[in-house]
Peer 1: 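Submitted below is the structure of interest, expressed as structure tokens.
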Amino acid sequence: MTEADVNKTTSPDPKLDESWLEHLRPEFNKPYMKDLKQFLISEKRLNKTIYPPGSQIFSAFNGTQFAKVRLVILGQDPYHGPGQAHGLSFSVRPGVRVPPSLVNIYKEIERDLNIPRPNNGFLECWAKQGVLLLNSVLTVERGNAGAHQKKGWENFTDAAIASIAEKRENIVFLLWGSYAQKKGRFIDRNKHYVLESVHPSPLSAHRGFIGNGHFSKANEFLKSINETPIDWSVGDL
């Protein structure tokens with residue numbers, strides 16, 4: 001990410017889909033966002049590598065317009081290895097090794113829906129169906145997981161989730177792990193369908209993620225409100 005990318009990211013009119021800017025534009029003028037901009041600029045001046053590239057920071061929003069969101073999967077931080085993060089939570093670009101948490105997500109989809117595991121971790125096909133793949137923190141330093149936590153991104157993504165929760169109805173939220181569950185604490189369970197379990201990471205997946213049935217339950221709910229279910233197959237590339 002260049003300093004120019006940082007400036008574009010935190011300008012009053014960033015490269016964010018207009019459907020989201022309608023709800024989130026005020027955030028870019030708040031003190032926390034100005035502090036975040038300065039932090040990112042200072043990190044870049046120290047020659048630190050930041051992921052994902054500046055043009056991909058808002059990929060989750062740009063890949064799923066506000067009115068088309070049907071389901072939200074909350075992650076925590078972008079992947080911090082080279083070539084991994086591209087702005088969608090849990091997803092990696094074609095040709096990049098599938099990360100362990102996503103391997104477990106695929107295992108549960110296979111167990112739950114009998115969909116074979118694909119040979120890649122590129123989840124753009126989910127985003128195009130209305131699955132918002134949102135990380136709480138939208139940038140990270142190479143090789144330093146969590147380096148950009150508590151710098152301001154959490155405020156921005158809280159605002160995004162609040163906008164969905166307040167202005168939409170019957171959205172499915174998949175909250176995996178305590179971090180995501182705290183993040184979604186203000187979601188009205190009477191207005192939306194919220195499913196919770198442990199995180200799919202190798203440390204916890206076999207303590208309740210494998211077997212949670214979230215993918216079939218989400219689709220049954222969508223069908224119950226006359227919505228098309230999500231096609232969770234990713235397919236080989």
Side-chain angles (χ1 to χ4, degrees), residues 59-60 63-65 67-79 81 83-136 161 164 168-181 183-184 187 189 191-237:
S59 290
T64 310
Q65 293 182 336
K68 294 183 178 180
V69 174
R70 302 192 293 142
L71 186 147
V72 179
I73 296 178
L74 288 178
Q76 188 166 347
D77 294 283
Y79 297 122
Q84 291 182 306
H86 67 102
L88 304 182
S89 64
F90 294 101
S91 179
V92 291
R93 286 286 189 188
V96 178
R97 184 179 179 181
V98 180
S101 291
L102 184 53
V103 169
N104 286 327
I105 290 171
Y106 285 163
K107 285 180 180 178
E108 175 55 17
I109 291 173
E110 184 176 42
R111 186 210 64 81
D112 190 19
L113 296 170
N114 200 32
I115 294 173
R117 284 177 249 174
N119 65 359
N120 69 94
F122 191 45
L123 305 182
E124 188 177 67
C125 58
W126 293 359
K128 290 180 177 178
Q129 297 178 74
V131 179
L132 182 67
L133 296 163
L134 182 65
N135 280 317
S136 174
I161 295 167
I164 298 169
R168 298 288 310 282
E169 294 183 354
N170 292 323
I171 303 298
V172 181
F173 288 88
L174 303 186
L175 306 181
W176 300 331
S178 59
Y179 187 93
Q181 288 156 22
K183 185 86 171 167
I187 299 168
R189 268 63 170 176
K191 188 178 179 183
H192 302 287
Y193 186 52
V194 179
L195 294 169
E196 299 183 347
S197 83
V198 297
H199 195 274
S201 79
L203 296 174
S204 57
H206 293 282
R207 298 204 306 268
F209 182 82
I210 303 298
N212 66 19
H214 279 189
F215 302 97
S216 60
K217 290 174 182 176
N219 278 351
E220 286 302 317
F221 174 78
L222 291 171
K223 287 189 283 187
S224 76
I225 59 171
N226 297 315
E227 284 273 358
T228 303
I230 304 297
D231 178 2
W232 292 108
S233 62
V234 172
D236 290 338
L237 294 176

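Counting from 1, the numbers follow the sequence of the chain as shown. Side chains are part of it too, since the values below use all heavy atoms of this structure and drop only hydrogens, waters and symmetry mates.
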Peer 1: I'd like to know if the side chain of Arg207 and the backbone of Val198 have a donor-acceptor N/O pair within less than 3.5 Å.
Peer 2: no
Peer 1: How many angstroms lie between atom CD of Glu227 and atom CG of Asn219, to the nearest 0.5 angstrom?
Peer 2: 11.0 Å
Peer 1: Phe173 versus Ile161: any side-chain heavy-atom pair under 4.5 Å?
Peer 2: yes
Peer 1: Give a yes or no on whether the backbone of Ser178 and the side-chain of Glu196 come within a donor-acceptor separation of less than 3.5 Å.
Peer 2: no
Peer 1: Near Asp236 CG, under 6.0 Å, is it more than 12 heavy atoms from other residues, nucleotides or ligands?
Peer 2: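 Yes, the 6.0 Å shell around CG holds more than 12 heavy atoms from other groups.
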Peer 1: What distance do Leu195 atom CG and Lys217 atom NZ have between them, rounded to the nearest 0.5 Å?
Peer 2: 6.5 Å
Peer 1: Return the minimal non-hydrogen interatomic distance between Pro200 and Ala205, and the atom names on each side.
Peer 2: O-CB, 3.5 Å
Peer 1: Would you compute the distance between atom CG of Leu132 and atom CD1 of Ile164 and round it to the nearest 0.5 angstrom?
Peer 2: 5.0 Å
Peer 1: Just by modelled atom types, is the Pro94 backbone N or O under 3.5 Å from a matching donor or acceptor in the Asn120 side chain?
Peer 2: no
Peer 1: Salt-bridge test for Glu110 and Lys107: reply yes if a basic N is under 4.0 Å from a carboxylate O, no otherwise.
Peer 2: no
Peer 1: Give a yes or no on this: more than 12 heavy atoms of other residues, nucleotides or ligands lie within 6.0 Å of atom NZ of Lys191.
Peer 2: yes
Peer 1: Ignoring hydrogens and angles, tell me if any N or O in the side chain of Arg117 forms a donor-acceptor pair with the backbone of Val103 under 3.5 Å.
Peer 2: no
Peer 1: Is a side-chain donor or acceptor of Thr64 paired with a backbone partner of Lys128 at a separation under 3.5 angstrom?
Peer 2: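 Here the side-chain-to-backbone pair does not exist.
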Peer 1: Strictly by ring pair (Phe, Tyr, Trp, His ring centres under 6.0 Å), give each pair with a member in residues 86-105 just once, sequence neighbours left out.
Peer 2: His86-Phe122, Phe90-Trp176, Phe90-His199
Peer 1: To the nearest 0.5 Å, what is the distance between OG (Ser201) and CD1 (Ile105)?
Peer 2: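 Answer rounded to 0.5 Å: 10.5 Å.
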Peer 1: With no hydrogens and no angle check, is any side-chain donor or acceptor of Arg189 less than 3.5 Å from a backbone partner on Ile187?
Peer 2: yes
Peer 1: What pair of heavy atoms forms the shortest contact from Gly87 to Ser59, and how long is it?
Peer 2: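 So the two residues come closest at CA-CB, 3.8 Å.
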Peer 1: Is any side-chain heavy atom of Tyr106 less than 4.5 Å from a side-chain heavy atom of Pro118?
Peer 2: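 Contact flag for Tyr106/Pro118 side chains = yes.
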